[in-house]
Amino acid sequence: MATNNTQAVGGEFPEDPEDLLPEDSVLTLDEYLAMHAAVGHRTRYEILYRLVHSGAMSPKELEAAIDIDDSTLHYHLNKLVDVGLVEKRQRTERGQDGLYTYYRATVLGEVTLTDGVDTLIRGEQAFKAMYDSSTME
């Protein structure tokens, strides 16, 4: 994610977190926070996880992978699309009538997942050791 590592005098971070954004940021702080809030829901996390690690998937493939009903899936997919973590794509398939719909993670979706929740999960042991009061002198 785009951040401006500008620090205030004395090495402290700016008083207003919005000042961390670069001047030409394409997203607002609220938009970044909305992305993190969206992936904070278990179902949306699982959808994004599948799309990042398995690639583009159709709604039927997602329903089967997550064991979720159609209306619940689409509700959560729409939330992920609205905040920019997932994009909905449509194409025609040879020999088929109509459009084939599939979803894929955006770059922001991939970064939010892999550098966010996934990193926290993978780092649990290190964090545990850092904060284990029984090892402190």
Check step by step if side chain to side chain contact (heavy atoms under 4.5 Å, CB included) holds for Thr112 and Tyr32.
-> CA-CA 9 Å; Thr112 299; Tyr32 280 112; over 6 Å; no
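- The side-chain hydrogen bond (donor to acceptor under 3.5 Å, both in side chains) search around Glu31 returns Thr28, not counting sequence neighbours.
- Each of Ile68 and Tyr75 belongs to its own hydrophobic cluster when Ile, Leu, Val, Met, Phe, Trp and Tyr are linked at side-chain heavy-atom distances under 4.5 angstrom.
- Using a 4.5 Å cut-off on side-chain heavy atoms (C-beta onward), Val83 and Lys79 make no contact.
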May I have the step-by-step check of side chain to side chain contact (heavy atoms under 4.5 Å, CB included) for Leu77 and Leu62, ending in yes or no? CA-CA 10 Å; Leu77 278 169; Leu62 283 165; 4.1 Å; yes
message = If you apply the rule side chain to side chain contact (heavy atoms under 4.5 Å, CB included), what do you find for Leu27 with Met35, and how did you get there?
response = CA-CA 11 Å; Leu27 299 173; Met35 287 179 185; 3.5 Å; yes
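- The side-chain hydrogen bond (donor to acceptor under 3.5 Å, both in side chains) check on Thr119 picks up nothing, with sequence neighbours excluded.
- Taking CZ from Arg44 and CD1 from Ile66, the interatomic distance works out to 12.0 Å, rounded to the nearest 0.5 Å.
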Note to self: The test is side chain to side chain contact (heavy atoms under 4.5 Å, CB included); show your working for Tyr103 and Ile47 and say whether it passes.
What the structure shows: CA-CA 10 Å; Tyr103 292 85; Ile47 291 168; over 6 Å; no
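- A donor-acceptor pair under 3.5 Å is formed between the side chain of Thr106 and the backbone N or O of Gly84.
- The number of heavy-atom neighbours closer than 6.0 Å to CD of Glu124, taken from other residues, nucleotides and ligands shown, is 12 or below.
- Within 6.0 Å of atom CG in Asp67, 12 or fewer heavy atoms from other residues, nucleotides or ligands are found, so the atom counts as exposed in its surroundings.
- Taking CG of Leu80 as the start and CG of Leu85 as the end, the distance is 6.0 Å to the nearest 0.5 Å.
- For Asp70, the side chain to side chain contact (heavy atoms under 4.5 Å, CB included) partners are Glu63, His74, not counting sequence neighbours.
- Cation-pi check for Arg91 over Tyr102 is met; the charged atom lies under 6.0 angstrom from the ring centroid and within 45 degrees of its normal.
- Between Tyr49 and His53, the gap from one ring centroid to the other is short of 6.0 Å.
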